[in-house]
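What follows is one structure encoded as structure tokens, with my remarks underneath.
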2 protein chains.
Amino acid sequence: MPEPAYVKIAGDLTRQIRSGELPPGIQLPSLSEIARRHGVSEIVARKAMELMQAQGLVRSQPRRGNFVAERPNLVRVSPERQMETAEATFHHESDEETQVERHTEEVRATAELAEAFGIALGDRCTRVVTRASEGGRPISISDTYQPLGIVGVDTATECEERLADRLPVPSHAEWLRSTPGDLVKTIHQKFWDAEGHLIMISDISYPMDRYDAFVFRMALKRQNSQGGSE
Amino acid sequence: MPEPAYVKIAGDLTRQIRSGELPPGIQLPSLSEIARRHGVSEIVARKAMELMQAQGLVRSQPRRGNFVAERPNLVRVSPERQMETAEATFHHESDEETQVERHTEEVRATAELAEAFGIALGDRCTRVVTRASEGGRPISISDTYQPLGIVGVDTATECEERLADRLPVPSHAEWLRSTPGDLVKTIHQKFWDAEGHLIMISDISYPMDRYDAFVFRMALKRQNSQGGSE
DNA sequence: AAGTGGTCTAGACCACGTG
DNA sequence: ACGTGGTCTAGACCACTTG
């Protein structure tokens with residue numbers, strides 16, 4: 001009936017983080033230290049840390065320690081961010097130095113890409129890999145595809161984002177330096193132009209500790225409706 | 001260097017689920033059975049199960065077993081769902097019998113509610129608690145607040161949803177029968193009318209295994225922009 | 001009575017980062 | 001050399017469900 005020890009420990013630490021007692025970026029006590037303080041075994045302390053990781057409050061660095069997330073209250077807002085470059089977005093979010101690097105290459109449309117864009121299998125597409133880091137820490141990586149000749153989303157009028165928690169693909173895991181078994185926040189984006197043509201798709205991964213929440217703002221098109229929440 | 005045993009086990013099971021070999025709702029082998037089959041200790045099997053739980057593929061019922069999620073590919077789409085009642089939404093999502101129960105009461109505005117709605121502290125508000133279940137399994141619970149006199153979101157033209165993974169509040173945890181330490185998907189909704197007045201806020205919780213992903217469809221308002229992904 | 005998952009203990013080895 | 005987190009073992013007790 002009482003709450004488990006690891007929930008209590010996580011709650012204690014969460015309170016200290018939210019109150020500012022444990023500021024962003026600081027190293028938490030080691031697992032053995034937490035275990036000692038709370039009079040439990042190290043496994044329990046680890047479980048508490050895993051719970052906080054899943055909430056994005058803590059980032060674990062193997063052989064270094066556990067650290068409070070750099071921006072425990074940072075929120076990712078859509079579609080505001082679609083209206084600006086990655087550089088501008090991260091510049092707004094951050095005061096630390098942000099690095100964005102891009103690699104562009106031409107690829108042949110896979111079956112999936114061909115169907116999405118309504119082009120032929122093997123048609124040429126542009127692939128852009130964008131890696132962003134802040135203060136040396138990786139904060140995002142994305143894989144973007146467009147039919148050859150279309151660049152950017154200036155002509156897009158509609159956008160869809162699909163948010164899920166997934167094991168990262170190896171290339172994303174490597175950049176984000178995630179430990180095997182660590183989940184990441186993934187966003188699959190699609191952009192359409194006014195004619196209804198899909199002009200870009202993108203797969204983005206964020207470390208769990210990057211954002212506290214994901215916000216989406218939408219206009220409601222009136223129909224017959226009662227509306228409600230659930 | 002090699003991937004940990006628990007990742008491999010989770011991958012094996014995930015493949016069996018995605019391929020349909022392990023159909024939705026079925027009970028997985030017990031932890032001791034999984035451990036035996038893979039030649040590892042039970043702790044490792046449990047860790048694999050936790051990884052799958054975090055992805056929403058598996059639901060764990062204490063003292064019963066682990067079960068494949070009922071709808072491993074179900075997606076929650078916004079804002080479509082805001083246009084219809086909870087009953088209609090769940091009816092579309094499901095062929096099983098869905099139960100929705102509502103409790104309405106009048107409450108006094110807390111400081112938070114008063115500020116949100118632009119009313120005075122202690123002013124009367126409507127609170128609606130909505131609980132939904134499907135085939136006896138709880139699938140959502142929400143707490144909705146509106147200023148007295150406003151019912152529903154028929155007049156809403158804008159909507160915001162804030163998605164995060166959180167420890168549930170006790171009332172939500174109880175309905176969802178979540179184990180202490182289990183996270184839930186939370187959505188904090190806000191609705192505004194054409195005059196820019198906030199007319200409804202709602203806190204919704206879903207079990208981790210309810211949805212595979214959350215989809216948001218948004219119109220892009222053109223400005224000066226370069227656009228891009230990150 | 002047997003089986004199950006949840007919690008917890010008390011160890012162990014490894015690889016790597018830091019001093 | 002030491003501390004760290006990641007992985008793993010081999011047990012234990014509890015509370016509850018199922019047969």
Side-chain angles (χ1 to χ4, degrees), chain A residues 1-11 13 26-54 57-69 136-137 167 173-174 176-183 207-209, chain B residues 1-11 13 26-54 57-69 136-137 167 173-174 176-183 207-209:
Chain A
M1 174 101 285
E3 71 178 354
Y6 71 90
V7 176
K8 182 187 179 316
I9 295 171
L13 291 168
I26 204 177
Q27 181 168 7
L28 292 172
S30 72
L31 293 178
S32 55
E33 174 64 14
I34 292 174
R36 196 189 58 73
R37 281 193 205 171
H38 288 82
V40 297
S41 77
E42 194 185 297
I43 294 271
V44 177
R46 185 186 304 275
K47 189 106 201 260
M49 218 53 84
E50 284 167 1
L51 180 53
M52 303 184 71
Q53 272 183 64
L57 278 167
V58 160
R59 171 178 38 100
S60 189
Q61 292 193 43
R63 280 149 254 133
R64 288 187 199 236
N66 294 301
F67 299 82
V68 178
R137 296 176 305 274
L167 284 173
E174 185 190 13
L176 298 177
R177 297 204 278 270
S178 70
T179 301
D182 275 0
L183 296 178
M208 293 298 284
D209 69 315
Chain B
M1 167 107 287
E3 72 180 352
Y6 71 89
V7 176
K8 181 187 179 316
I9 295 171
L13 290 169
I26 205 177
Q27 181 168 7
L28 292 172
S30 72
L31 294 179
S32 54
E33 174 64 13
I34 292 173
R36 193 189 58 72
R37 281 193 205 170
H38 288 81
V40 297
S41 79
E42 193 184 296
I43 295 271
V44 176
R46 187 186 303 277
K47 190 104 200 267
M49 218 51 87
E50 284 167 0
L51 179 52
M52 303 185 70
Q53 271 182 67
L57 278 168
V58 159
R59 171 178 38 99
S60 187
Q61 292 192 45
R63 280 149 253 133
R64 287 188 200 240
N66 295 302
F67 299 82
V68 178
R137 296 176 305 274
L167 283 172
E174 185 189 13
L176 298 177
R177 297 204 278 269
S178 70
T179 302
D182 275 0
L183 296 178
M208 294 298 284
D209 69 314

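Every chain is numbered from 1 and lettered A, B, ... according to where its sequence line falls, protein lines coming before strand lines.
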Integer-rounded Å distance: [N] [atom2] and [X] [atom1]:
X       : N     : atom1 : atom2 : value
A/Glu3  : C/dG6 : CD    : C1'   : 15 Å
A/Gln61 : D/dG3 : CD    : P     : 20 Å
B/Gln53 : C/dG6 : CD    : C1'   : 11 Å
B/Arg36 : C/dG5 : CZ    : P     : 14 Å
B/Glu33 : C/dT4 : CD    : C1'   : 13 Å
A/Leu28 : D/dT4 : CG    : P     : 13 Å
B/Tyr6  : D/dT9 : OH    : P     : 13 Å
A/Leu51 : C/dG6 : CG    : P     : 14 Å

### Contact check, side chains of B/Asp209 and B/Val58, non-hydrogen atoms, under 4.5 Å
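Not touching, per the 4.5 Å side-chain cut-off.
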#### Entry: Under 4.0 angstrom between A/Ser32 side-chain N/O and D/dT4 OP1 or OP2
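A/Ser32 to D/dT4 OP1/OP2: side-chain N or O found under 4.0 Å.
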### Query
Looking at B/Asn66, does any N or O in its side chain come under 4.0 Å of the phosphate oxygens OP1/OP2 on C/dG5?
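Yes, B/Asn66 has a side-chain N/O under 4.0 Å of OP1/OP2 on C/dG5.
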### Chi angles and distances behind the side chain to side chain contact (heavy atoms under 4.5 Å, CB included) call for B/Leu183, B/Leu167
CA-CA 5 Å; B/Leu183 296 178; B/Leu167 283 172; 4.0 Å; yes
For the side chain of [X], starting at C-beta, report the closest nucleotide among [options].
X       : options              : value
A/Ser60 : D/dG5, D/dT17, D/dT4 : D/dG5
A/Ser30 : D/dT4, C/dT4, C/dG6  : D/dT4
B/Leu31 : C/dG5, C/dT18, D/dT7 : C/dG5
A/Arg63 : D/dG5, D/dT7, C/dT7  : D/dG5

### Task
Determine yes or no for a side-chain-to-main-chain donor-acceptor pair under 3.5 angstrom, with A/Gln53 supplying the side chain and A/Asp182 the backbone.
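No: the side chain of A/Gln53 does not pair with the backbone of A/Asp182.
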### Message
Can you tell me how far apart CZ (B/Arg64) and CD (B/Gln27) are? Round to the nearest 0.5 Å.
### Response
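Separation between the atoms: 10.0 Å.
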### Atom pair CZ (A/Arg59) and CG (A/Asn66), whose distance is rounded to the nearest 0.5 Å
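Rounded to the nearest 0.5 Å, the CZ-CG separation comes out at 9.5 Å.
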### Query
Which sits closer to the 5' end of DNA chain C, A/Pro62 or A/Pro4, going by the nucleotide each is nearest to?
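On the 5' side of the pair lies A/Pro4.
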### Any residue of residues 38-50 of chain A with a heavy atom less than 4.0 Å from an atom of DNA chain D
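Nucleic-acid contacts, sorted: A/Ile43, A/Arg46.
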### Option passing side chain to side chain contact (heavy atoms under 4.5 Å, CB included) with A/Ile9 (candidates A/Met52, A/Lys47, A/His38)
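Answer to the side chain to side chain contact (heavy atoms under 4.5 Å, CB included) test with A/Ile9 among A/Met52, A/Lys47, A/His38: A/His38.
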### Query
Does CD in B/Glu33 sit with more than 12 non-hydrogen atoms of other residues, nucleotides or ligands closer than 6.0 Å?
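Count over threshold, so yes.
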